[in-house]
Every structure is written in structure tokens, then in C-alpha cells.
Amino acid sequence: MNAIARNRVRAGWSFAAPGLAMLVVVMGFPLLYALAISLSSMTMIHPALNFAGLTNFLNVMSEPLFWHSLWLTLRYSAAAVIGEFVIGLAIALMLRQIFTARGIYFAILTLPMAMSPVAVALIWRMLLQPNLGIVNQTLAAMGLPMIDWLGNSSIALSTLISIDIWQQTSFVVLLLSAGLASLPKEPYEAAEVDGAGPLQQFWYITLPLLRPVSIIAIVIQLINEFRTYDLIYVLTKGGPGVSTELLSFFAYKRAFQGLQVNEGSSAAFILLLIILMITVVFFWLIERRKN
């Protein structure tokens with residue numbers, strides 16, 4: 001490496017140093033402290049960092065409720081991401097055909113995404129109130145039976161998924177719209193000359209070219225869904241029973257309601273490892289496609 005290259009590397013690290021230092025302080029220290037707690041016997045009653053090895057992880061993973069929460073988290077995340085991607089892709093394709101006042105449509109679509117999850121949860125809790133909520137009042141006016149959307153264990157999780165899709169789809173729309181805008185026109189012009197219809201162009205041109213952006217959107221949304229906590233806390237508290245107790249809420253309950261902060265930290269780290277594994281797999285797929 002010559003002197004010019006060394007100076008460029010040194011300058012790059014100098015510019016990155018403040019941001020990296022901030023990351024270490026804001027993220028690195030809390031992560032290391034949480035890891036230390038997860039490997040200790042520390043509880044709210046006995047706050048001592050005595051080394052306990054992997055005992056907390058084994059205790060958490062030996063509980064049926066942990067596996068129930070993990071299964072719910074996988075179901076919730078998969079259903080929400082699939083719904084957001086399918087609806088988001090459909091909306092992005094429709095917006096692609098609109099040339100006038102497109103900015104207004106995008107501004108309207110970004111409103112749910114701009115709202116905090118707590119605000120969204122509070123709004124939907126009022127809308128879905130069993131007796132006085134607008135949704136049930138509309139059903140009653142149509143002669144249909146009222147539904148306890150959040151109090152019925154058979155539909156509570158589906159209700160939460162629907163609310164999540166309502167809020168998060170706009171983010172997918174923005175990503176996919178940006179991806180569609182960057183696609184080259186030449187393949188479509190060649191396909192039209194060859195007589196390919198709109199569905200064939202979509203299947204053989206749009207989807208393959210949109211794959212990198214699609215994978216990034218899916219990864220980001222999977223990470224968001226796996227760590228969902230706000231909606232659960234405000235709307236259901238994990239209920240009815242444990243029908244909506246996702247892994248993030250399981251970790252919270254174990255740490256702050258069960259006073260077992262060591263086991264709660266262990267559950268949170270298991271969730272973090274799952275998210276990291278999913279992220280690595282998806283980006284490995286991207287690199288494999290490039291090669």
C-alpha cells in the first residue's frame with residue numbers, strides 16, 4: 001500500500017471514528033452488559049453478577065412457553081412480511097402507472113409509517129372496542145354480529161398482524177417504488193417487440209430485476225416484525241391467555257414481571273441471534289445470486 005492509499009485509509013477511519021465511537025457507547029455497552037446479565041445469576045431480588053454460564057439459556061429453552069412464543073413470533077413475522085410485501089408490491093405497481101399528483105399519493109401512504117406504534121395501537125384499540133368501537137358499530141348497522149377482535153384468542157393474533165400490515169406496508173411501497181423507478185426500459189421494449197404481455201413482463205422481467213430490492217425490504221421488515229413489542233403491550237398484553245405473547249414480550253415479562261432479569265436477557269439474546277441468522281442467510285442469498 002503506497003503513501004496515498006494509506007492517507008486515504010487513515011482519513012476514512014478519522015471520519016468514521018466519531019460515529020463508531022457513538023455506536024460503541026449507545027449500542028455496544030448495553031449489549032455487553034445485557035450479555036453479562038444473561039450469563040449471571042442476577043435477579044431483581046438478588047442483583048449480583050455471579051457467573052452462571054449457559055444456565056439461564058438452558059432454563060429458558062426448557063420451558064414450553066418459550067417455544068410457544070417463538071412459534072407465535074415466526075407465524076406473526078412471516079404472515080406480516082408476506083402481507084406487507086404482496087400489498088406493497090401491488091400498490092407500487094399501481095403507482096407506477098400514475099403520472100399526475102403522484103407525490104400526493106406517496107404523502108398519504110407514508111402517514112401510517114410516520115406514526116409511532118403506540119399511537120397506532122391506541123387508535124386501533126378505540127376502533128376495535130367491542131361495544132362502542134366504530135368497526136363493531138358498522139357491523140351492527142349492517143346486521144352482522146359484533147366481534148371481540150382483541151379478546152378472542154382465535155383471532156387476536158390475526159388482528160394484530162392486520163394492524164401491523166396497515167402501518168408497515170407504506171415502507172415497503174416506498175422501497176419497491178424506488179426499485180421500480182430504477183429498472184431499465186430496454187428489456188421491456190424488447191419484450192413488447194417479441195409479443196410478451198403484461199403478466200409475462202412482470203414475471204420474467206420485473207420480479208427478477210426487483211429481487212435485490214425485494215430481499216432488502218423483506219430483511220428490514222423481518223427484523224422489525226421479530227422485535228415487535230409496542231402493539232402487543234398496548235393492545236393485548238400478550239393475551240388472551242398467551243395467544244399473542246411474542247418472544248419479545250416473553251422476554252419483557254420474564255425480566256420485569258417475573259423479576260428474572262438474567263433469563264429475560266437470555267431470551268432477548270436468543271431473539272437477537274435468530275434475527276442475525278436470518279439477516280446473514282438473506283444477504284448470502286443476494287451474494288450468491290450475484291455470482
| query | Considering all heavy atoms of both residues, which atom of L209 and which atom of P184 are nearest to each other, and what is their separation? | reply | CD1-CD, 4.2 Å
| task | Sorted by first residue and then second, give each side-chain hydrogen bond (donor to acceptor under 3.5 Å, both in side chains) pair with at least one member in residues 72-83; sequence neighbours left out. | result | Y76-D164
| field | With sequence neighbours excluded, residues passing side-chain hydrogen bond (donor to acceptor under 3.5 Å, both in side chains) with Q167 | value | none
| Are side-chain heavy atoms of L49 and M42 found at a separation under 4.5 Å? | yes
| task | Could you list who else is in V193's hydrophobic cluster, with ILVMFWY side chains joined at under 4.5 Å, directly or through other members? | result | none
| request: Tell me yes or no: between the side chains of Q168 and E84, is some donor less than 3.5 Å from an acceptor? | output: no
| Side-chain heavy-atom pair N152, I147 within 4.5 angstrom cut-off | no
| message | I'd like to know if I134 and L235 are part of one continuous hydrophobic network [Ile/Leu/Val/Met/Phe/Trp/Tyr, side-chain heavy atoms within less than 4.5 Å]. | response | yes
| query | Which heavy atom of L139 sits nearest a heavy atom of P145, and at what distance? | reply | CD1-O, 3.9 Å
| message | Is it the case that over 12 heavy atoms from other parts of the model lie below 6.0 angstrom from the CZ atom of F202? | response | yes
| Out of curiosity, I163 CD1 to L150 CG, how far, rounded to the nearest 0.5 Å? | 6.0 Å
| message | Are the side chains of N262 and N59 in contact, using a 4.5 Å heavy-atom criterion? | response | no
| Applying ring-ring contact (aromatic ring centres under 6.0 Å, His included), which residue pairs with at least one partner in residues 253-275 are found, sequence neighbours left out? | Y252-F256
| field | Full working for side-chain contact (heavy atoms from CB on, under 4.5 Å) between L183 and L180 | value | CA-CA 5 Å; L183 297 184; L180 289 171; 3.9 Å; yes
| task | Take atom CE of M22 as the centre, draw a 6.0 Å sphere, and report whether it contains more than 12 heavy atoms from other residues, nucleotides or ligands. | result | no
| Side chain to side chain, I274 and L70, heavy atoms closer than 4.5 Å | yes
| request: For residues L89 and L210, determine if any side-chain heavy atom of one lies less than 4.5 Å from a side-chain heavy atom of the other. | output: yes
| query | Can you find a pair of side-chain heavy atoms, one from L176 and one from F85, that are under 4.5 Å apart? | reply | yes
| query | Which residue pairs pass the salt bridge (Lys or Arg N to Asp or Glu O under 4.0 Å) test when at least one of the two sits in residues 222-250, sequence neighbours left out? | reply | E245-K253
| field | Audit row: L246, F226, side-chain contact (heavy atoms from CB on, under 4.5 Å) steps and yes/no | value | CA-CA 8 Å; L246 303 187; F226 264 89; over 6 Å; no
| field | Minimum heavy-atom distance V242-L72, with the two atoms named | value | O-CD1, 3.4 Å
| query | Can you check whether Y188 reaches T206 side chain to side chain, under 4.5 Å on heavy atoms? | reply | yes
| task | Provide the full list of salt bridge (Lys or Arg N to Asp or Glu O under 4.0 Å) pairs with a residue in residues 62-71, sequence neighbours left out, each pair given once. | result | E63-R254
| message | According to side-chain hydrogen bond (donor to acceptor under 3.5 Å, both in side chains), does anything in residues 122-148 pair up with another residue at least two apart or in another chain? List the pairs. | response | N136-W149
| said: Tell me whether Q200 contacts the main-chain N or O of G197 through its side chain, where contact means a donor paired with an acceptor under 3.5 Å. | reply: yes
| Heavy-atom pair with the smallest gap, counting every atom of A251 and A268 | CB-N, 4.0 Å
| query | Does F29 share a hydrophobic cluster with L23, counting links as ILVMFWY side-chain heavy atoms below 4.5 Å and allowing steps through other members? | reply | no
| Check against side-chain contact (heavy atoms from CB on, under 4.5 Å), S248 and L271 | CA-CA 7 Å; S248 58; L271 180 60; 4.1 Å; yes
| Q260: side-chain hydrogen bond (donor to acceptor under 3.5 Å, both in side chains) partners, not counting sequence neighbours | none
| field | Interatomic spacing from CD1 in I161 to CG in L231 - rounded to 0.5 Å | value | 11.0 Å
| field | pair L93-Q97: side-chain heavy atoms closer than 4.5 Å | value | no
| message | Hydrophobic clustering (ILVMFWY, side-chain heavy atoms < 4.5 Å, transitive) - are L222 and L276 grouped together? | response | yes
| query | If you measure from OG1 on T228 to CG on L247, what distance do you get to the nearest 0.5 Å? | reply | 11.5 Å
| message | List the residues meeting side-chain hydrogen bond (donor to acceptor under 3.5 Å, both in side chains) with T244, not counting sequence neighbours, and say none if there are none. | response | T236
| query | Is the CG atom of L207 crowded by more than 12 outside heavy atoms at less than 6.0 Å? | reply | yes
| field | Hydrophobic cluster identity match, I82 and L175, side-chain contacts under 4.5 Å | value | no
N/O donor to acceptor pairs below 3.5 angstrom from side-chain atoms of residues 103-123, sequence neighbours left out:
{"from": "T110", "atom 1": "OG1", "to": "F106", "atom 2": "O", "distance (Å)": "3.1"}
{"from": "T110", "atom 1": "OG1", "to": "A107", "atom 2": "O", "distance (Å)": "2.9"}
{"from": "S116", "atom 1": "OG", "to": "A119", "atom 2": "N", "distance (Å)": "3.2"}

| Nearest heavy-atom neighbours spanning I165 and G83 | CD1-CA, 3.9 Å
| side-chain hydrogen bond (donor to acceptor under 3.5 Å, both in side chains) contacts in which one or both residues fall within residues 31-52, not counting sequence neighbours | none
| task | Scan for salt bridge (Lys or Arg N to Asp or Glu O under 4.0 Å) pairs involving residues 9-19, sequence neighbours excluded, and state none if there are none. | result | none
| query | Could you go step by step and tell me if V280 and M277 meet the side-chain contact (heavy atoms from CB on, under 4.5 Å) rule? | reply | CA-CA 5 Å; V280 169; M277 289 171 57; 5.9 Å; no
| message | With rounding to the nearest 0.5 angstrom, report the NE2 to OG distance, H68 to S243. | response | 7.0 Å
| remark: Smallest heavy-atom separation, W203 atom then P208 atom, equals O-CD, 3.4 Å
| query | Cluster question for you: counting only ILVMFWY and a side-chain heavy-atom cut-off of under 4.5 Å, with indirect links fine, are W166 and V86 together? | reply | no
